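In this text the structure is predicted, and so the values were computed from the model without any measurement.
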Amino acid sequence: VTVDDFTLTLNEDGQSYSVTDYDFYENKYSEIVVPDSFNGLPVTTIARHAFSYSYYFVSVTIPDSVTRIEDYAFSDCYDLETIIIGNSAIEFGASVFDCCSNFKEFVVSETNPVYSSEDGLLLSKDKSTLVIYPFGKEDVIFTIPEYISTIATDSIKHPVNLRLLVAGENVKTVEKSAVNIIGAVTLPSKTITSFAANGNEALKVYFDGTEEDFENSFGASFDELFNSEIDTYEIVYGLPLSTGETEDYYYLVTPENEIEIVGYKNKTQNLVVPSEINGKPVTSIGAGAFGNVDYLTGNGYIANAEESLLTVTLPDTVEHISVYGFAGNTLLRTIGLPNSILSIGAAAFAYCGELSVQLPYGLKKLGYLSFYYTKYVGLAETIEKLSLYSVYSFYVSLPHNVSGYSEFSVCAFEYGKLYFNGTQSKLNTLVENNQVGYDSAYNELSFSLPKKLGDNGEFSYILNSDN
């Protein structure tokens, strides 16, 4: 039945209803209140996908009758900002508020027997457990309040703005898949008594202690806990000295007293990163710092052109680009990578589909999916370590003396082109060992490397050896 734009479906028990759909349209309501009953029977459930992809309303009030909100019930409600909860003890399904990029706060009645709210967070009644961190909360750097000791499963899941989560000694328990961000987290060394990292994604960890301390604290090595054999995660042994922000950037000061940029404020299409901030050198681009995260955490591959960088210039102080550093900038065409860069992390430029880049001489390491789904990548002879699909590009330039291959570490797209300045025999060996993905039936091949990679302001181009 339809009641005031809500579709209600009788549950199997015949004694209650579920909200299964909502008929939204522009300028109808900016604030909606879910009905609490129909024909004398309570509304107890908001069903899976009931409000998914609904627009225009900014707040939803949940009645006391509702005891369960199912998976994805409010996913992709881009205008939603506030959820108001009365006295109901709601059981939340998975990913209820996924991709609600403007969702900033929970407001919970003080008389609710199970939940409370503070600073927009959904918390347990005693505020000791973080239940849900709103997907669109505006913090780029967020310090977990001292009253929180437990981060619950799925509580921090792909928040669109968060790049650095600071956990102090008050945090004792981090449950399975609790912290799932494109960014970094700081962890104390000896106070966390339970930590399950399964499901964390693109995470960089600053740990207050040594490698031995880590294993003693968590009962496993970093590689075992984070499944990091394919370089998906990064760890720094030592906490940031401080965090801060300027007119344009959010940053942390590394244990070496250098700057890592963790986010930026003024969106621009042509980015020039400074060489120093407050007199300290900028040596690292943080996890997800310039990533187009709306794109990465969505369900499709449609680029948001207004959010994508077009060109990037990095200073010669930068030595490392962290996981997801520029990922998802689907219109990014060129980036100036200085010879100072030593390593590029997992998926740092993944899904930068228009990017053409010559990797700098001096680069030593590429992570998992570093240049996945890009236009052109010219490898440097100095690379000593490659991971699975470090380069998966339409055009690939491969010097014969690159070392450090792993399985399928360099691949050309089907119908793409491979430039290789070695012998056919050498290439055959690389292909037979599954180190280079190349198929003569689908890929073009040149045994001469390009002379130059250029850009005329409108498009990128390769100058071949025959000019």
Colleague: Checking side-chain contact (heavy atoms from CB on, under 4.5 Å) between E175 and each of T129, L130, T150, which is the one that passes?
Modeller: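 Among the candidates, only T150 passes.
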Colleague: First locate atom CG of L359, then atom CG of L366, and finally report the distance between them rounded to the nearest 0.5 Å.
Modeller: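 L359 CG to L366 CG: 6.0 Å, rounded to 0.5 Å.
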Colleague: Would you say the side chain of I156 lies within less than 4.5 Å of the side chain of I181, judging by non-hydrogen atoms?
Modeller: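 SC-SC contact between I181 and I156 confirmed.
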Colleague: With the side chain counted from C-beta on, respond yes when F447 and N421 share a heavy-atom pair under 4.5 Å apart, and no when they do not.
Modeller: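 They are not in contact (no side-chain heavy atoms under 4.5 Å apart), so the answer is no.
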Colleague: With respect to F51, which candidate in F74, Y78, Y56 satisfies the ring pair (Phe, Tyr, Trp, His ring centres under 6.0 Å) definition?
Modeller: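 It is F74; the other options fail the test.
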Colleague: Are more than 12 heavy atoms from other residues, nucleotides or ligands located less than 6.0 Å from atom OH of Y361?
Modeller: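 No, because the 6.0 Å sphere around OH of Y361 holds 12 heavy atoms or fewer from other groups.
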Colleague: Roughly how far apart are S370 OG and F326 CZ, rounded to 0.5 Å?
Modeller: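 If I round to the nearest 0.5 Å, the distance is 13.0 Å.
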Colleague: Where do V60 and Y22 land on the side chain to side chain contact (heavy atoms under 4.5 Å, CB included) test, with the steps shown first?
Modeller: CA-CA 12 Å; V60 177; Y22 177 71; over 6 Å; no
Colleague: Looking only at heavy atoms, which two atoms of R163 and G291 are closest? And how far apart?
Modeller: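 For R163 versus G291, the nearest heavy atoms are NH2-O, 4.2 Å.
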Colleague: With side chains defined as the heavy atoms from C-beta onward, is the minimum distance between F57 and C77 less than 4.5 Å?
Modeller: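 Counting from C-beta outward, F57 and C77 do come under 4.5 Å.
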Colleague: Is there side-chain contact between I259 and K280, with heavy atoms separated by less than 4.5 Å?
Modeller: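 When only atoms from C-beta onward are counted, K280 and I259 do touch, with a gap below 4.5 Å.
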Colleague: Under a 4.5 Å cut-off applied to non-hydrogen side-chain atoms, are V410 and L379 in contact?
Modeller: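 The answer is yes, as the side chains (C-beta and beyond) meet within the 4.5 Å cut-off.
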Colleague: In terms of side-chain heavy atoms, does D455 have a donor or acceptor partner in S460 at a distance below 3.5 Å?
Modeller: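 Result is yes, a qualifying pair exists.
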Colleague: Under 3.5 Å, is there a donor-acceptor pair between the Y351 and N292 side chains?
Modeller: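 There is no such pair between these side chains.
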Colleague: Give, for atom CG of L241 and atom CG of N257, the distance between the pair rounded to the nearest 0.5 Å.
Modeller: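 Between atom CG of L241 and atom CG of N257 there are 5.5 Å.
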Colleague: Compare every heavy atom of L337 with every heavy atom of P360, then report the nearest pair and how far apart it is.
Modeller: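 Where P360 meets L337 most closely, the heavy atoms are CB-O, 3.6 Å.
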Colleague: Could you go step by step and tell me if S390 and S409 meet the side chain to side chain donor-acceptor pair (under 3.5 Å) rule?
Modeller: CA-CA 5 Å; S390 284; S409 52; over 6 Å; no
Colleague: Assess the side chains of E319 and T283: does a donor N or O sit below 3.5 Å from an acceptor N or O?
Modeller: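 T283 and E319 do not have a side-chain donor-acceptor pair below 3.5 Å.
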Colleague: State whether the number of non-hydrogen atoms from other residues, nucleotides or ligands found under 6.0 Å of E276 atom CD is greater than 12.
Modeller: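 Buried by this count: over 12 neighbours within 6.0 Å.
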Colleague: Please walk me through it: do K137 and D119 pass side chain to side chain contact (heavy atoms under 4.5 Å, CB included)?
Modeller: CA-CA 10 Å; K137 191 170 168 59; D119 190 29; 3.4 Å; yes
Colleague: For the residue pair Y389 and Y392, does the interplanar ring angle fall in the parallel (under 30°), tilted (30 to 60°) or perpendicular (over 60°) class?
Modeller: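 Y389 vs Y392 ring planes: tilted.
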Colleague: Please check: side-chain N/O of T82 versus main-chain N/O of S59, any donor-acceptor pairing under 3.5 Å?
Modeller: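 No; zero donor-acceptor contacts below 3.5 Å.
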Colleague: If I compare all heavy atoms of V402 with all of L386, which pair ends up nearest, and what's the gap?
Modeller: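 Shortest heavy-atom contact: CG1-CD1, 4.0 Å.
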Colleague: Taking the six-membered ring for Trp, is the centroid-to-centroid distance between F413 and Y442 below 6.0 Å?
Modeller: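 Here the rings of Y442 and F413 have centres that are no less than 6.0 Å from each other.
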Colleague: Any donor and acceptor pair, going by atom type alone, linking the side chain of S128 with main-chain N or O of S124 inside 3.5 Å?
Modeller: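 No.
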Colleague: Any sub-3.5 Å donor-acceptor pair from K172's side-chain atoms to E169's backbone N or O?
Modeller: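 Looks like yes, one N/O pair under 3.5 Å.
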Colleague: Given side chain to side chain contact (heavy atoms under 4.5 Å, CB included), test V131 with L123 step by step and report yes or no.
Modeller: CA-CA 5 Å; V131 180; L123 306 167; 5.5 Å; no
Colleague: Which atoms form the tightest heavy-atom contact between L310 and L331, and what is the distance?
Modeller: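 Here L310 and L331 meet closest at CD2-O, 3.5 Å.
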Colleague: Using side chain to side chain contact (heavy atoms under 4.5 Å, CB included), reason through L314 and V272 one step at a time and then give a plain yes or no.
Modeller: CA-CA 6 Å; L314 297 179; V272 179; over 6 Å; no
Colleague: Does E138 have more than 12 heavy atoms from other residues, nucleotides or ligands lying within 6.0 Å of its CD?
Modeller: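 Counting neighbours around CD of E138, 12 or fewer heavy atoms of other residues, nucleotides or ligands fall under 6.0 Å, so no.
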Colleague: Taking ring pair (Phe, Tyr, Trp, His ring centres under 6.0 Å) as the criterion, tell me which of Y324, Y264, F349 meets it with F290.
Modeller: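 So the option named by the test is Y264.
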Colleague: Side chains of T334 and L355, heavy atoms from C-beta outward: is any pair under 4.5 Å?
Modeller: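 Result no, sub-4.5 Å side-chain heavy-atom pair not found.
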Colleague: Does N433 reach the side chain of E407, with side-chain heavy atoms less than 4.5 Å apart?
Modeller: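 Of all side-chain heavy-atom pairs linking E407 with N433, none is under 4.5 Å.
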Colleague: Would the number of heavy atoms belonging to other residues, nucleotides or ligands and lying under 6.0 Å from OH of Y438 be above 12?
Modeller: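 Enclosed.
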Colleague: Would you say T374's side chain and A350's backbone share a donor-acceptor pair under 3.5 angstrom?
Modeller: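 No, T374 side chain to A350 backbone: no donor-acceptor pair under 3.5 Å.
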Colleague: Is it true that K365 and E384 have a side-chain N and a carboxylate O under 4.0 angstrom from each other?
Modeller: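 Answer for the salt bridge query: no.
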Colleague: Closer than 4.0 angstrom, basic N to acidic O: yes or no for K265 and E245?
Modeller: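 Looking at E245 together with K265, the answer is yes, because their closest N to O distance falls below 4.0 Å.
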Colleague: Rounded to the nearest 0.5 Å, how far apart are NZ of K426 and CG of N401?
Modeller: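 Here the rounded value is 8.5 Å.
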Colleague: Establish, from distance only, whether the side-chain atoms of T311 and N270 form a donor-acceptor pair under 3.5 Å.
Modeller: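 Checked: T311/N270 side chains pair up, N/O donor to acceptor below 3.5 Å.
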Colleague: Are side-chain heavy atoms of I83 and V107 found at a separation under 4.5 Å?
Modeller: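 No, side chains not in contact.
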Colleague: Verify the neighbour count for atom CD of Q424: are there more than 12 heavy atoms of other residues, nucleotides or ligands below 6.0 Å?
Modeller: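 Count over threshold, so yes.
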Colleague: Using a distance-only test with no angle check, is there a side-chain donor-acceptor pair under 3.5 angstrom linking N464 and K451?
Modeller: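 N464 vs K451: no donor-acceptor pair found between side chains.
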Colleague: Between S406 and S387, does any side-chain donor sit less than 3.5 Å from a side-chain acceptor?
Modeller: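 Absent: no donor and acceptor within the cut-off.
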Colleague: Taking the side chain from N329 and the backbone from L309, do they hold a donor-acceptor pair closer than 3.5 Å?
Modeller: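 Between the backbone of L309 and the side chain of N329 there is a qualifying donor-acceptor contact (under 3.5 Å).
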Colleague: Salt bridge (Lys or Arg N to Asp or Glu O under 4.0 Å) for E260 and K204? Distances and angles first, verdict last.
Modeller: CA-CA 12 Å; E260 176 172 305; K204 182 172 184 175; 2.8 Å; yes
Colleague: Ring centroids only, cut at 6.0 angstrom: are F103 and F135 within range, meaning strictly under it?
Modeller: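 They do not qualify: ring centres at least 6.0 Å apart.
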Colleague: Using the six-membered ring wherever Trp is involved, compare the ring planes of Y55 and F24 and label them parallel, tilted or perpendicular (cut-offs 30° and 60°).
Modeller: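 Perpendicular.
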Colleague: What are the two closest heavy atoms between I144 and N170, and how far apart are they?
Modeller: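 Nearest heavy atoms, I144 then N170: O-ND2, 4.0 Å.
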Colleague: Can you tell me how far OG of S393 sits from NZ of K375, rounded to the nearest 0.5 angstrom?
Modeller: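 Separation between the atoms: 8.5 Å.
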Colleague: Once you round to the nearest 0.5 Å, how far does CZ of F97 lie from NZ of K157?
Modeller: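 Separation between the atoms: 12.5 Å.
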Colleague: Between T254 and E258, is there a donor-acceptor pair closer than 3.5 Å when you use the side chain of the first and the backbone of the second?
Modeller: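 Such a contact is found between T254 side chain and E258 backbone.
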Colleague: Taking atom types as modelled and ignoring hydrogens, do the side chains of S284 and H320 form a donor-acceptor contact shorter than 3.5 angstrom?
Modeller: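 No, no side-chain donor-acceptor pair sits under 3.5 Å.
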Colleague: Please confirm whether the backbone N or O of I46 pairs with a side-chain atom of E70, one donor and one acceptor, at under 3.5 Å?
Modeller: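 Not confirmed, E70 side chain does not pair with I46 backbone.
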Colleague: Do T210 and E212 have side-chain N/O donor and acceptor atoms under 3.5 Å apart?
Modeller: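 E212 and T210 do not have a side-chain donor-acceptor pair below 3.5 Å.
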Colleague: If we ignore hydrogens and angles and just use 3.5 Å, is the side chain of T246 paired with the main-chain N or O of Y249 as donor and acceptor?
Modeller: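 Side chain of T246 to backbone of Y249, a donor-acceptor pair under 3.5 Å: yes, one is there.
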Colleague: Is F420 atom CZ crowded by more than 12 heavy atoms from other residues, nucleotides or ligands, each under 6.0 Å away?
Modeller: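 Yes, CZ of F420 has more than 12 neighbouring heavy atoms, counting only those of other groups under 6.0 Å.
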Colleague: Under the 3.5 angstrom rule, does the side chain of N456 hit a backbone N or O of F459 as a donor-acceptor pair?
Modeller: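 Yes, because the side chain of N456 sits within donor-acceptor range (under 3.5 Å) of the backbone of F459.
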Colleague: What heavy-atom pair brings E381 and P399 nearest, and what distance separates the two atoms?
Modeller: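 Closest approach of E381 to P399, heavy atoms only: CG-CB, 3.7 Å.
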